[in-house]
Amino acid sequence: MSWIAPEVTRVDEPLVADERSMLEGWLEWHRATLLWKCAGLPGELLAQRPVPPSNLSLLGLVRHMAEVERAWFRRRFGAEPISRLYGSDAQPDADLDDVTAATAEADFAAFASEVELARAAAAGRSLDETFRHTTRQVEISLRWVYVHMLEEYARHNGHADLIRECLDGTTGS
């Protein structure tokens with residue numbers, strides 16, 4: 001039997017809080033929501049692409065968001081000299097394309113690790129702190145990174161909703 005994605009308990013986002021707590025609370029909720037959409041599924045279903053011609057799968061979304069966490073919090077904001085987790089310049093979409101059930105457990109562990117490292121990269125840093133985005137040639141604040149991550153998760157959690165419903169009929173927010 002293949003690996004099965006674990007159950008996830010989501011903590012509701014704060015309804016009244018300061019800006020930092022609100023941003024972090026919503027980001028944590030969205031991180032957990034992606035995993036919640038995967039809970040109880042074996043690697044084979046996590047890797048399945050049920051909506052052709054799309055290359056999206058639940059496992060691909062987990063891998064993609066690990067890559068996005070790494071890119072924005074560590075490589076860009078934290079200026080860590082680290083490479084991509086899955087992709088390369090020659091194969092930029094490897095996080096979505098090179099998905100296999102055999103790596104599901106390791107991919108989920110990589111996601112958990114990148115989330116922890118992203119939290120550490122932002123801990124104690126001002127939302128007003130900026131970095132230079134070398135491709136866009138603009139200054140970007142940590143606040144913008146949080147808002148962008150919320151947008152990224154919200155979009156992909158919508159994809160995860162549809163994929164999960166196609167796989168086994170499970171729906172829910």
Side-chain angles (χ1 to χ4, degrees), residues 1-6 8 26-122 131-138 140 142 144-168 170:
M1 174 148 190
S2 74
W3 180 81
I4 304 230
V8 174
W26 272 102
L27 184 53
E28 291 302 326
W29 186 86
H30 275 289
R31 286 168 171 159
T33 295
L34 178 58
L35 298 178
W36 184 68
K37 288 293 173 184
C38 299
L41 293 178
E44 292 78 16
L45 285 179
L46 292 168
Q48 191 174 6
R49 295 177 174 111
V51 189
S54 173
N55 69 340
L56 293 181
S57 66
L58 290 172
L59 186 56
L61 291 175
V62 169
R63 289 165 49 102
H64 176 68
M65 292 313 298
E67 192 79 76
V68 171
E69 294 270 2
R70 181 182 184 98
W72 283 107
F73 284 106
R74 296 179 60 208
R75 283 190 15 235
R76 293 180 179 123
F77 178 71
E80 289 184 42
I82 54 175
S83 61
R84 291 180 181 172
L85 188 59
Y86 298 105
S88 66
D89 288 341
Q91 196 176 16
D93 294 329
D95 50 351
L96 296 170
D97 293 337
D98 296 341
V99 175
T100 175
T103 64
E105 185 174 12
D107 292 335
F108 271 67
F111 174 82
S113 177
E114 288 302 327
V115 166
E116 283 302 317
L117 292 165
R119 288 181 189 125
F131 63 95
R132 183 92 178 147
H133 191 289
T134 56
T135 305
R136 295 180 184 183
Q137 294 298 310
V138 294
I140 296 177
L142 179 57
W144 184 94
V145 172
Y146 272 99
V147 172
H148 174 68
M149 291 300 293
L150 291 171
E151 175 272 328
E152 185 89 9
Y153 271 103
R155 178 169 16 107
H156 291 312
N157 283 340
H159 296 138
D161 243 353
L162 294 171
I163 293 169
R164 181 66 189 250
E165 186 174 7
C166 288
L167 290 172
D168 70 355
T170 299

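Please read these numbers as outputs of a predicted model, since none were measured by experiment. Residue numbers run from 1 in the order of the sequence given.
For His30, the side chain to side chain donor-acceptor pair (under 3.5 Å) partners at least two apart in sequence or on another chain are Asn157. Judged as a side chain to side chain donor-acceptor pair (under 3.5 Å), and not counting sequence neighbours, Arg84 has no contacts. In this structure Phe108 satisfies the ring pair (Phe, Tyr, Trp, His ring centres under 6.0 Å) test together with Trp3, sequence neighbours excluded.
Separation of the Trp29 and Trp36 ring centroids does not fall under the 6.0 Å cut-off.
The two atoms that bring Ala94 and Gly87 nearest to each other are CB-CA, 3.8 Å, heavy atoms only. Across Ala5 and Cys38, no two heavy atoms sit closer than the pair CB-O, 3.2 Å. Contact between Ala160 and Leu34 at its shortest, heavy atoms only, is CB-CD1, 4.1 Å. Residues Phe77 and Ala121 share a closest heavy-atom pair of CE2-O, 3.7 Å. Here the closest non-hydrogen pair linking Val8 and Ala39 is N-CB, 4.4 Å. Across all non-hydrogen atoms, the minimal contact from Ala104 to Gly43 is CB-CA, 4.0 Å.
Sorted by first and then second residue, the pairs that involve residues 27-38 and meet salt bridge (charged side-chain N to carboxylate O under 4.0 Å, His left out), not counting sequence neighbours, are Glu28-Arg31, Glu28-Arg119, Arg31-Glu69, Lys37-Asp161. Each side-chain hydrogen bond (donor to acceptor under 3.5 Å, both in side chains) pair with one or both residues in residues 102-115, not counting sequence neighbours, appears once here: Arg63-Asp107, Arg70-Glu114, Arg74-Glu114, Tyr86-Asp107, Thr103-Asp107. Sorted by first then second residue, the side-chain hydrogen bond (donor to acceptor under 3.5 Å, both in side chains) pairs that include residues 45-59, not counting sequence neighbours, are Asn55-Asp97.
Rounding to the nearest 0.5 Å gives a distance of 5.0 Å between NE2 of His133 and CD1 of Ile140. Thr170 contributes atom OG1, which lies 4.0 Å from atom CZ of Arg164 (distance to the nearest 0.5 angstrom). In this structure, Arg76 CZ and Arg136 CZ are separated by 7.0 Å, a value rounded to the nearest 0.5 Å. Note that the CG atom of Leu61 and the CG atom of Leu96 stand 6.5 Å from one another [nearest 0.5 Å]. Here the straight-line distance linking atom OG1 of Thr100 with atom CG of Leu46 works out to 11.5 Å at 0.5 Å rounding. Between the CD1 atom of Ile163 and the NE2 atom of His156 there is a distance of 10.0 Å, given to the nearest 0.5 Å.
By the 4.5 Å heavy-atom criterion applied to side chains, Phe73 and Leu117 are not counted as neighbours.
Applying the side chain to side chain contact (heavy atoms under 4.5 Å, CB included) test between Leu58 and each of Leu167, Val99, Leu35 identifies Leu167 as the sole match. Checking each of Tyr153, Trp144, Tyr146 against Trp72 for a ring pair (Phe, Tyr, Trp, His ring centres under 6.0 Å) leaves exactly one that passes, namely Trp144.
Looking at Arg132, its side chain does come within 3.5 Å of a backbone N or O of Gln137 through a donor-acceptor pair.
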- Applying side chain to side chain contact (heavy atoms under 4.5 Å, CB included), run through Asp98 and Gln91 and close with a yes or a no. CA-CA 10 Å; Asp98 296 341; Gln91 196 176 16; 3.0 Å; yes

